[in-house]
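Proteins come first, then strands; the chains are lettered A, B, ... in the order of their sequence lines, and each starts at number 1.
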Number of protein chains: 2
Amino acid sequence: MNHVDRIIGHAEQHCKAHGTRLTVKRKQVLMGLIQSDKALSAYELLDFCNRQYGEKMPAMSVYRILEFLEDEHLVHKLSLANKYVACAHIVCNHAHAVPQFLICRQCSKVKEIAIEPATINELRANVSEAGFKLISTQLEMNCLCEGCIEQAA
Amino acid sequence: MNHVDRIIGHAEQHCKAHGTRLTVKRKQVLMGLIQSDKALSAYELLDFCNRQYGEKMPAMSVYRILEFLEDEHLVHKLSLANKYVACAHIVCNHAHAVPQFLICRQCSKVKEIAIEPATINELRANVSEAGFKLISTQLEMNCLCEGCIEQAA
DNA sequence: ATCGAGATGTTACAACATATCATTTGTATT
DNA sequence: AATACAAATGATATGTTGTAACATCTCGAT
Ligand SMILES: [Zn+2]
Ligand SMILES: [Zn+2]
Ligand SMILES: [Zn+2]
Ligand SMILES: [Zn+2]
């Protein structure tokens with residue numbers, strides 16, 4: 001059983017535990033994101049699926065399925081890049097914490113990390129001082145990935 | 001001379017100093033954003049201008065003008081919300097530092113702030129640990145504004 | 001076997017954004 | 001003032017992203 005199948009297996013378990021179903025189409029979309037090493041736009045993902053599985057899924061379905069996968073925390077939407085990535089922790093058993101994302105603006109590679117809680121709290125304090133209230137600690141940051149740093153050097 | 005005119009005056013000076021021109025159309029678009037108390041999408045801004053000035057500017061122009069105003073740091077694009085705001089520091093004489101934005105998800109009000117450099121550095125360190133390199137410290141955060149906090153309470 | 005909820009298909013369209021070429025306007029040079 | 005050039009805007013078309021509305025299918029429970 002390869003890596004991808006192992007992740008899919010976990011995702012299936014996860015859905016079963018939540019009383020939802022990881023259907024064939026949903027599995028195809030999720031696999032598209034898992035197999036990609038970078039974030040994909042909804043339409044890139046659509047093209048990928050159609051090439052990969054020789055079907056012609058409507059755009060509507062991809063959006064519906066992405067919404068489902070997001071609700072299940074199996075996929076994350078990156079508003080900063082307008083793209084989607086598979087969650088990096090599908091195979092983990094711990095509860096899913098609020099993630100932060102490092103997005104390579106050169107190649108769309110994404111790293112899902114957990115910023116130090118102390119740093120997050122400082123941010124929250126800065127926001128409070130300004131009179132606002134932070135409602136999500138999901139940060140998205142414009143970065144360069146390892147590969148693209150080297151290439152640029 | 002009212003507040004808006006004072007800001008426009010500064011913007012004009014700023015452009016002159018950079019060898020660029022704040023034309024009538026550009027001024028209209030900038031005034032649209034200055035007069036708005038919240039971030040506007042390109043098309044909301046287009047509608048606003050057309051209603052306000054009784055013309056029918058093509059969408060193309062609004063995008064071109066927004067790009068110009070961004071380059072001049074008179075306007076900021078918020079990728080997280082896919083909207084635009086006037087810079088909060090047009091009337092300031094100091095150089096424009098990299099800003100951070102607090103975006104109210106309820107009402108689109110935006111506050112442009114400067115996070116503590118120490119906090120920013122911690123963030124940068126967290127990113128480095130992950131092997132990535134932060135290429136912009138312009139953060140955008142999902143928040144509630146003062147008004148919407150009260151309303152929710 | 002039947003039924004109902006959930007999932008997917010289909011069509012149409014709204015909202016967001018850019019490419020390209022034509023025309024106008026503002027400025028510099030003569 | 002006439003000319004000439006560059007910058008700005010207009011006009012048209014098209015590409016990209018996302019959703020509304022309604023029809024059909026499919027799975028699982030009774
Ligand atoms: Zn995740
Ligand atoms: Zn990269
Ligand atoms: Zn600013
Ligand atoms: Zn608000």
Contact string for nucleotides 6-21 of chain C, one letter per nucleotide 5' to 3', B = base within protein heavy-atom range under 4.0 Å, S = sugar-phosphate only, - = neither, reads -SBBB-----BBBB--
Sorted by chain and number, sequence neighbours left out, side-chain hydrogen bond (donor to acceptor under 3.5 Å, both in side chains) with His14(A) holds for Glu72(A)
If you look only at pairs with a residue in residues 34-45 of chain B, which of them pass as a side-chain hydrogen bond (donor to acceptor under 3.5 Å, both in side chains), with sequence neighbours excluded? Gln35(B)-Gln52(B)
With Arg64(B), which residues qualify under side-chain contact (heavy atoms from CB on, under 4.5 Å), at least two apart? Met60(B), Ser61(B)
Quick one: side-chain contact (heavy atoms from CB on, under 4.5 Å) partners of Ile135(B), sequence neighbours excluded? Arg105(A), Asn142(A), Leu144(A)
Chain A vs DNA chain D, heavy-atom contacts under 4.0 Å, first-to-last nucleotide span, 5' to 3', is dT17(D) to dC27(D)
Which residues share a salt bridge (Lys or Arg N to Asp or Glu O under 4.0 Å) with Lys109(B), sequence neighbours left out: Glu146(B)
Which pairs, with at least one residue in residues 110-119 of chain B and sequence neighbours excluded, count as a side-chain hydrogen bond (donor to acceptor under 3.5 Å, both in side chains)? Glu122(A)-Thr119(B), His76(B)-Glu112(B), His96(B)-Glu112(B)
According to side-chain contact (heavy atoms from CB on, under 4.5 Å), who are the partners of Glu150(A), at least two apart in sequence or on a separate chain? none
